[in-house]
Amino acid sequence: MPPDAAILIVDDHEDTLYALESALAPLGYRLLRATSGDEALKHVLRGQIGLLLLDVRMPGVSGLDVVRYLRRLEQTQHIPVILLTGFGTDQELTSAAFGLGVADLVMKPVDPWTLRTKVRYLYDAHQRSVALEREVRALRARTGGHHPRTPAPTAPDRRQVRPRADTAIPVQRDGENRTPAQEPAPDRT
């Protein structure tokens, strides 16, 4: 996804689309609009969508249906989605939405400041994640697709190990077989 990925606003009411666009315009992100679930899917499948602001209840394909479809496709499953509802939230809607990995479920009318804060955070976090994935792919391509691994530690060759002059060597006393951890602490009184 390019860094200029758009925010797609989806609602079947023109006045709501206008209000949401007005609320998000100060962020400076590219905004697209759709008036149905089908139209939203077409936009998303063309690519370059960084966040979806999606009405739950629309004629035809609902917001939840759109999310179900997006989560099944690898290229769209990580796009953050904020669902909007004007009918109130119930346990069934909340469970279905969050079960599908929706980032938030927001009641209409929406507070513009709160919406901008949520959108800015989710959009920017998603963009950082996509950039990191791109960087990892580029690094893998440079290394031939192999993960550089640290060689497994091997046991030191005892013939070559010599204690340093400042290293204390544990001493056995009176026939005891102690490791350094079992040595009694020195009496410092």
**Salt bridge flag under 4.0 Å for residues Glu14 and Arg33** = yes
Atom [atom1] in [X], atom [atom2] in [Y]: separation rounded to 0.5 Å?
| X | Y | atom1 | atom2 | answer |
| --- | --- | --- | --- | --- |
| Arg57 | Leu84 | CZ | CG | 12.5 Å |
| Leu8 | Arg46 | CG | CZ | 10.0 Å |
| Asp65 | Leu54 | CG | CG | 10.0 Å |
| Leu51 | Arg120 | CG | CZ | 13.0 Å |
| Glu39 | Thr35 | CD | OG1 | 4.0 Å |
| Leu32 | Leu17 | CG | CG | 11.5 Å |

Do the side chain of [X] and the main chain of [Y] share a donor and acceptor less than 3.5 angstrom apart?
| X | Y | result |
| --- | --- | --- |
| Tyr121 | Arg116 | no |
| Thr94 | Asp90 | yes |
| Ser129 | Ala125 | no |
| Ser95 | Glu92 | no |
| Glu135 | Ala131 | no |

Compare every heavy atom of [Y] with every heavy atom of [X], then report the nearest pair and how far apart it is.
| X | Y | result |
| --- | --- | --- |
| Gln75 | Leu45 | NE2-CD2, 4.4 Å |
| Leu64 | Ala96 | CD1-CB, 4.2 Å |
| Gln127 | Ala5 | OE1-CB, 3.9 Å |
| Gly50 | Pro80 | O-CD, 3.4 Å |
| Leu115 | Ala23 | CD2-CB, 4.4 Å |
| Val44 | Leu70 | CG1-CD2, 3.4 Å |

**Prompt:** Going by heavy atoms in the side chains, are Thr85 and Leu83 under 4.5 Å from each other?
**Reply:** no
**Request:** Please test Asp124 against Tyr29 for side chain to side chain contact (heavy atoms under 4.5 Å, CB included), starting from the C-alpha separation and ending with a verdict.
**Result:** CA-CA 11 Å; Asp124 291 349; Tyr29 300 132; 2.8 Å; yes
**Message:** Evaluate Ile82 against Val119 for side chain to side chain contact (heavy atoms under 4.5 Å, CB included), listing each step before the verdict.
**Reply:** CA-CA 8 Å; Ile82 297 175; Val119 165; 3.9 Å; yes
**Request:** State yes or no: do Leu73 and Ile79 share one hydrophobic cluster built from I, L, V, M, F, W and Y residues joined by side-chain heavy-atom distances below 4.5 Å, directly or via other members?
**Result:** yes
**Partners meeting side chain to side chain donor-acceptor pair (under 3.5 Å) with Asp12 (sequence neighbours left out)** = none
**Asked** Can you list the steps and then say if Val66 with Val10 is a side chain to side chain contact (heavy atoms under 4.5 Å, CB included)?
**Response** CA-CA 10 Å; Val66 170; Val10 186; over 6 Å; no
Which atom pairs, donor and acceptor, lie under 3.5 Å between side-chain atoms of residues 97-110 and protein residues at least two apart or in another chain?
residue: Asp104; atom: OD2; partner: Lys118; partner atom: NZ; Å: 2.6
residue: Lys108; atom: NZ; partner: Asp11; partner atom: OD2; Å: 2.8
residue: Lys108; atom: NZ; partner: Asp55; partner atom: OD1; Å: 3.2

**Test side chain to side chain contact (heavy atoms under 4.5 Å, CB included) applied to Leu53 and Leu24, step by step** = CA-CA 11 Å; Leu53 203 55; Leu24 297 178; 3.7 Å; yes
**Any pair counted as ring pair (Phe, Tyr, Trp, His ring centres under 6.0 Å), so long as it reaches residues 62-85, sequence neighbours left out** = none
